[in-house]
There are 2 protein chains.
Amino acid sequence: MSLDHTLSALADPTRRAIFQRLSGGEARVTDVAERFPISLNSVSKHIRVLERAGLVHRRVAGREHLLTADRRPLDELAAWVEQTRAFWSSRLDALEALLAAEDDPECKEQP
Amino acid sequence: MSLDHTLSALADPTRRAIFQRLSGGEARVTDVAERFPISLNSVSKHIRVLERAGLVHRRVAGREHLLTADRRPLDELAAWVEQTRAFWSSRLDALEALLAAEDDPECKEQP
DNA sequence: AAGATGTTCACCCAGATGGGTGAATATTGC
DNA sequence: GCAATATTCACCCATCTGGGTGAACATCTT
């Protein structure tokens with residue numbers, strides 16, 4: 001499942017910041033890096049992780065690498081979260097129904 | 001930010017499965033473990049990670065540890081995802097507006 | 001051709017992770 | 001008191017991670 005990569009990529013605050021930065025539009029590696037207190041090399045590695053997760057794409061133009069963010073893995077993540085929450089709600093609803101049914105357990109014995 | 005722990009905890013498929021399993025209601029460590037091909041010890045460690053993220057809580061009853069899932073970190077995650085997507089949409093809207101404005105650049109020169 | 005710029009590659013390092021095993025601890029039940 | 005059960009603790013191991021540095025490579029500019 002690609003959720004693995006999406007979640008682990010977004011689990012790092014630096015990568016979340018890079019991703020949100022790229023939501024603002026195309027940027028070079030250097031442009032992204034200058035906002036962070038870590039080395040250019042480290043930022044480059046973070047970008048590679050985001051690429052592996054499909055959250056960022058790269059377009060090489062000469063010596064510059066132009067990066068763009070891709071929202072689709074985020075959509076997939078949102079779908080998983082909502083699905084999990086929905087499943088949960090249904091379980092809670094079932095529990096409530098069960099408790100309600102147990103509230104008057106004589107309904108079967110007193111027709 | 002607690003998102004760090006939530007995301008990295010959910011980045012592992014075994015832990016997502018444990019979490020979803022616990023959405024079905026309270027269960028013991030052994031109950032959870034028997035559904036997975038890994039050792040009880042490893043499951044215990046996964047549970048500790050989920051606890052650190054606040055996704056799971058533990059209630060000790062005698063020699064049994066009863067586990068329950070907590071949906072609140074998931075709500076927090078959903079909020080972050082939606083916020084990021086909303087920010088993105090606003091950026092895209094702004095971009096579309098910009099492109100639309102550039103579609104008729106003579107509007108200022110031809111009153 | 002030579003230098004400056006943008007980016008990655010190949011390492012090093014400390015620490016976390018995910019898996020395992022075997023022993024320790026706590027509780028229940030006989 | 002003693003055996004079985006439920007769980008964790010203390011390790012071992014290979015791998016990944018996030019940071020660093022210095023060198024290499026590719027490209028632009030002069």
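The shown structure was predicted, so the numbers you read here are calculated from the model rather than taken from an experiment. Chain naming here is simple, since letters A, B, ... match the order of the sequence lines and numbering starts at 1 in each. FYI, side chains are in, hydrogens and waters are out, and symmetry mates aren't considered; it's all heavy atoms of this structure.
Across C/dG6, D/dT7, D/dG20, the shortest atom-to-atom separation from the side chain of B/Thr30 is found for D/dT7. With C/dC9, D/dC9, C/dG20 as the choices, the nucleotide that has an atom nearest any side-chain atom of A/Asn41 turns out to be C/dC9. With C/dG20, D/dT7, D/dG19 as the choices, the nucleotide that has an atom nearest any side-chain atom of B/Ser39 turns out to be C/dG20. Among C/dC9, C/dG18, D/dT8, the nucleotide with an atom closest to any side-chain atom of B/Arg58 is D/dT8. The side chain of B/Arg28 has D/dT7 as its nearest neighbour among D/dG19, D/dT7, C/dG20.
One interatomic measurement links the two molecules: CZ of A/Phe36 to P of D/dG20, which rounds to 13 Å at whole-angstrom precision. Here C/dG18 presents its P atom at 12 Å from CG of B/Leu10, a figure rounded to the nearest Å. Atom CG of A/Leu40 is separated from atom P of C/dC9 by 13 Å (rounded to the nearest Å). Atom CG in A/Asp4 sits about 16 Å away from atom P in C/dT17, given to the nearest Å. A/Lys45 places its NZ atom 9 Å from the P atom of D/dG19, with the value rounded to the nearest Å. Atom CZ of A/Arg63 is separated from atom P of D/dC25 by 18 Å (rounded to the nearest Å). Rounded to an integer number of Å, the gap from B/Ile47 CD1 to D/dT8 C1' is 11 Å. Here the P atom of nucleotide C/dT7 and the CD atom of A/Glu64 are 6 Å apart, to the nearest Å.
The phosphate of D/dT17 (OP1 or OP2) has no side-chain N or O of A/His46 nearer than 4.0 angstrom. In this model, the phosphate group of D/dC16 is not approached by any side-chain N or O of A/Arg48 to a distance below 4.0 Å at OP1 or OP2. Considering only side-chain N and O atoms, B/His65 lies under 4.0 angstrom from the phosphate OP1 or OP2 of D/dT8.
Note on B/Asp12: only backbone sugar-phosphate atoms sit closer than 4.0 angstrom, heavy atoms only; bases stay farther off.
Counting all heavy atoms, side chain and backbone alike, B/Arg28 lies closest to B/Asp31 at NH2-OD1, 2.9 Å. Closest heavy-atom contact between B/Ser8 and A/Ala11: N-CB, 3.6 Å.
Evaluated for a side-chain contact (heavy atoms from CB on, under 4.5 Å) with A/Leu55, the options A/Leu10, A/Leu77, A/Ile47 yield exactly one hit, A/Leu10. A side-chain contact (heavy atoms from CB on, under 4.5 Å) with B/Leu50 is found for exactly one of B/Thr6, B/Ile18, B/Leu22, B/Asp70, namely B/Ile18.
A donor-acceptor distance shorter than 3.5 angstrom exists from the side chain of B/Thr84 to the backbone of B/Trp80, with no hydrogens or angles considered.
Annotation: of the two residues near DNA chain D, A/Ser42 and A/Gly62, the 5′-most nearest-nucleotide partner is A/Ser42.
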